[in-house]
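Report on the following structure.
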Amino acid sequence: MTSRNISRFWEWGKKIICVGRNYADHAKELNNIVPTEPVLFLKTPSAYLTEGSPILIPKYSNSVHHEIELGVVIGKGGTGYALCLDMTARDVQDDCKSKGLPWTLAKAFNTSCPVSEFIPKERIPDPGNVKIWLNVNGQMRQNGCTSQMIFSIPFLISYISEIITLEEGDLILTGTPKGVSAVQVHDELHAGIDDVVSMTFKIQSSS
Ligand SMILES: CC(=O)CC(=O)C(=O)O
Ligand SMILES: [Mg+2]
């Protein structure tokens with residue numbers, strides 16, 4: 001595990017808004033319908049995690065999946081970015097889906113939103129065309145491009161703004177490409193955006 005001390009750019013009181021099923025190949029791999037409108041959900045402040053701290057598997061799940069995603073950070077003079085993980089208790093989510101219940105237990109648990117350092121907008125001139133990738137213990141699992149998004153970043157910002165007032169510092173996770181899979185205790189997740197940023201997180205049990 002890296003010992004880099006990444007300072008938190010995200011602060012308490014700001015929102016973490018997530019978009020689901022924004023890549024058709026991922027919606028299909030989980031047998032979900034490809035959406036015609038963005039699917040939104042929220043993460044809690046205690047979900048936010050920076051490098052150097054472990055991702056904790058909640059006791060109530062036997063199948064926590066990685067989902068690598070481009071994060072958009074709302075700023076006064078435009079947006080910035082971050083690489084994010086939307087850790088998901090897939091077994092719990094499947095159960096919630098079958099019962100018509102919200103996804104909070106599956107998506108918003110403590111440490112479920114590992115985030116890279118802040119990426120200034122100049123470092124990603126075209127956020128609609130960057131490669132995001134993730135490997136687990138050195139094996140590539142996800143390797144997608146934001147050009148595959150169903151709903152573009154400008155559309156998502158405008159869509160969300162109609163429903164939830166976006167403020168400086170809010171973070172939007174823009175959905176994951178295909179290749180999600182379960183992680184195990186002691187796994188090491190290494191992820192990046194082209195040659196712009198990379199991050200490493202270890203998996204631990206929560207006890
Ligand atoms: C099925 C999901 O968990 C939706 C999601 O989070 C995504 O990124 O897609
Ligand atoms: Mg996701």
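Read the numbers this way: they start at 1 and go in the same order the structure lists the ligands and their atoms.
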List the closest protein heavy-atom neighbour of [atom]: residue, atom name, distance to the nearest 0.1 Å.
{"atom": "atom 3 (O) of ligand 1", "value": "K107 NZ, 2.7 Å"}
{"atom": "atom 9 (O) of ligand 1", "value": "R21 N, 2.7 Å"}
{"atom": "atom 5 (C) of ligand 1", "value": "E67 OE1, 3.3 Å"}

At less than 4.0 angstrom from any non-hydrogen atom of [X], what atoms of ligand 1 do you find?
{"X": "E69", "value": "8 (O)"}
{"X": "V19", "value": "8 (O)"}
{"X": "Q93", "value": "1 (C), 2 (C), 3 (O)"}
{"X": "F41", "value": "6 (O)"}

Counting heavy atoms only, which part of [X] comes closer than 4.0 Å to ligand 1: side chain, backbone, both or neither?
{"X": "Y23", "answer": "neither"}
{"X": "N32", "answer": "side chain"}
{"X": "R90", "answer": "side chain"}

Flag, side chain of T44 to backbone of A108, donor-acceptor distance under 3.5 Å: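 Checked: pair present.
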
Test item: S112 side-chain N/O and A47 main-chain N/O as donor-acceptor pair under 3.5 Å: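 No.
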
Apex the Mg ion (ligand 2); atoms D86 OD2 and E69 OE2; angle rounded to 10 degrees: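 It is 110°, given to the nearest 10°.
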
Beyond-backbone contact of L85 with I68, side-chain heavy atoms, under 4.5 angstrom: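 Counting from C-beta outward, L85 and I68 do come under 4.5 Å.
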
Sub-4.5 Å side-chain heavy-atom contact between D187 and F201: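 They are not in contact (no side-chain heavy atoms under 4.5 Å apart), so the answer is no.
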
Sole candidate of T88, L105, V92 that passes side-chain contact (heavy atoms from CB on, under 4.5 Å) when paired with S61: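 Filter result, single survivor: V92.
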
Strictly under 4.0 Å, does any heavy atom of [X] approach an atom of ligand 1?
{"X": "L173", "result": "no"}
{"X": "H65", "result": "no"}
{"X": "G175", "result": "yes"}

Member of H65, R21, Q142 meeting the side-chain hydrogen bond (donor to acceptor under 3.5 Å, both in side chains) criterion with T176: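 Considering H65, R21, Q142, a side-chain hydrogen bond (donor to acceptor under 3.5 Å, both in side chains) with T176 is found only for Q142.
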
Rounded distance (nearest 0.5 Å) linking atom SG of C113 with atom CG of L49: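 CG of L49 is found 8.5 Å from SG of C113.
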
Point-to-point distance, once rounded to the nearest 0.5 Å, from CE of M87 to NE2 of H66: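 If we round to the nearest 0.5 Å, M87:CE and H66:NE2 are 7.5 Å apart.
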
Closest E67 atom to the Mg ion (ligand 2) [N, O or S only]: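 For E67, the N, O or S atom at the smallest distance from the Mg ion (ligand 2) is OE1.
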
NZ/NE/NH1/NH2 to OD/OE distance under 4.0 Å, K14 and E167: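 No.
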
Backbone or side-chain N or O of T88 under 3.5 Å from ligand 1 N or O: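 No; every N/O pair is 3.5 Å or more apart.
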
Cluster check W103, V180: I/L/V/M/F/W/Y, side chain < 4.5 angstrom: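 Different hydrophobic clusters.
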
